[in-house]
Amino acid sequence: MLTQQSLKEVFYCPEESEFYSQCIKELILKQCNNTEILVEFGSGDGTPVINSLLETNFKGKIYGFELNESAYEVAKSNVRKHELDSKYIVKNQSFFSSLNKNAEYLISNPPYIPAIDNNIYQPLLHGGIDGSEIARKLLSLSYENVLLMVSSYSNPQSLIEYAISQGYSTGNFMISPLNFGYYSSEPKVKSTILEMQKKGLAFYSENIYLLAGVLFTRNQTTVDLSSELIQIMTSL
């Protein structure tokens, strides 16, 4: 049985992890030529990538980076259990100090919890004051293709506009409604989200928020869906 302590040690949200996995599979692994190199910021327990690999014929390699030692140990065990050691290599070290610029894709469900500081249930889930700080940092690294999970309560319009300023277009996206979970329902976090809503920076209803898997790309032949994405992500 999951306890509050275990939730604070390793990120756990099956619905979100499953959706992230579907986005990796549909937006990247089914579209690429099967030999690419992918890098992942924040592997968590590894299940999203593992599930996407089990459901595709991807022949390339994915290098994951996870700072949380507890999550890393779980991910390493899960990778070994599914015999994916040759395809999915997870490391317990900083992504930013180990950049692989040869990778064709950067993928991440980045921390997007907004709060005034990282003194929250899981400090590594802190995405800055508006929740988009880490996503912006990832978009500043100049990878050709970046798959990010984008939350409608974490200043989505400004983040998409930042991606455009960095030379990206929105190549494709998938969206799912999610309930507020353990981490986003922490009083300190919920208070920040409410203040952001009042300022037009967070969009959600009483019951749900929207999570988008967005493929940002610098491929100039791609039709840019940024306007459509902004319209949907700010609709609640």
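All of these numbers come straight from a predicted model, not from anything done at the bench.
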Next item on the list: Give the intermediate values and the outcome of side chain to side chain donor-acceptor pair (under 3.5 Å) for residues Gln93 and Ser98.
Entry: CA-CA 8 Å; Gln93 60 191 65; Ser98 313; 2.7 Å; yes
Notebook entry, point to check: Roughly how far apart are Ser152 OG and Gln197 CD, rounded to 0.5 Å?
Noted result: 10.0 Å
Next item on the list: Give, for atom OG of Ser169 and atom CD1 of Ile160, the distance between the pair rounded to the nearest 0.5 Å.
Entry: 12.5 Å
Minimum side-chain heavy-atom gap [X]-[Y] below 4.5 Å:
X      : Y      : result
Cys32  : Tyr105 : yes
Ile113 : Ile120 : yes
Tyr204 : Ser184 : no

Notebook entry, point to check: Does a sphere of radius 6.0 Å around CD1 in Ile89 hold more than 12 heavy atoms from other residues, nucleotides or ligands, not counting ones at 6.0 Å or beyond?
Noted result: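 Counting other residues, nucleotides and ligands, CD1 of Ile89 exceeds 12 neighbours.
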Check: Is the count of non-hydrogen atoms from other residues, nucleotides or ligands lying under 6.0 Å from Asp117 atom CG greater than 12?
Finding: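 More than 12 within 6.0 Å, yes.
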Centre of [Y]'s six-membered ring, under 6.0 Å away, within 45 degrees of the axis: is that where NZ or CZ of [X] sits?
X      : Y      : result
Lys137 : Phe96  : yes
Lys101 : Tyr143 : yes
Lys87  : Phe58  : no

Tell me whether [X] contacts the main-chain N or O of [Y] through its side chain, where contact means a donor paired with an acceptor under 3.5 Å.
X      : Y      : result
Ser154 : Tyr112 : yes
Ser185 : Tyr182 : no
Asn68  : Gly44  : no
Asn145 : Glu104 : yes

Notebook entry, point to check: Among Thr170, Asn172, Leu106, which residue meets the side-chain contact (heavy atoms from CB on, under 4.5 Å) test with Phe216?
Noted result: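 Exactly one pass, corresponding to Thr170.
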Item checked: With His126, the side-chain contact (heavy atoms from CB on, under 4.5 Å) member among Asn118, Val189, Asn119 ->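 Of the listed options, the one satisfying the test is Asn118.
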How far apart are the closest heavy atoms of [X] and [Y], and which atoms are they?
X      : Y      : answer
Met233 : Val150 : CE-O, 3.2 Å
Ile24  : Val49  : CD1-CG2, 3.9 Å
Asp130 : Glu133 : OD1-N, 3.9 Å
Met196 : Asn155 : CE-N, 3.8 Å
Ser21  : Pro48  : OG-O, 2.9 Å
Tyr72  : Glu66  : N-CG, 3.9 Å

Margin query: Please determine whether a side-chain nitrogen of the Lys or Arg among Glu55 and Lys25 lies less than 4.0 Å from a carboxylate oxygen of the Asp or Glu.
Written below: yes
Next item on the list: Answer yes if Tyr20 and Leu67 sit in the same cluster of Ile, Leu, Val, Met, Phe, Trp and Tyr residues linked by side chain heavy atoms under 4.5 Å apart, and no otherwise.
Entry: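 Result: no, two separate clusters.
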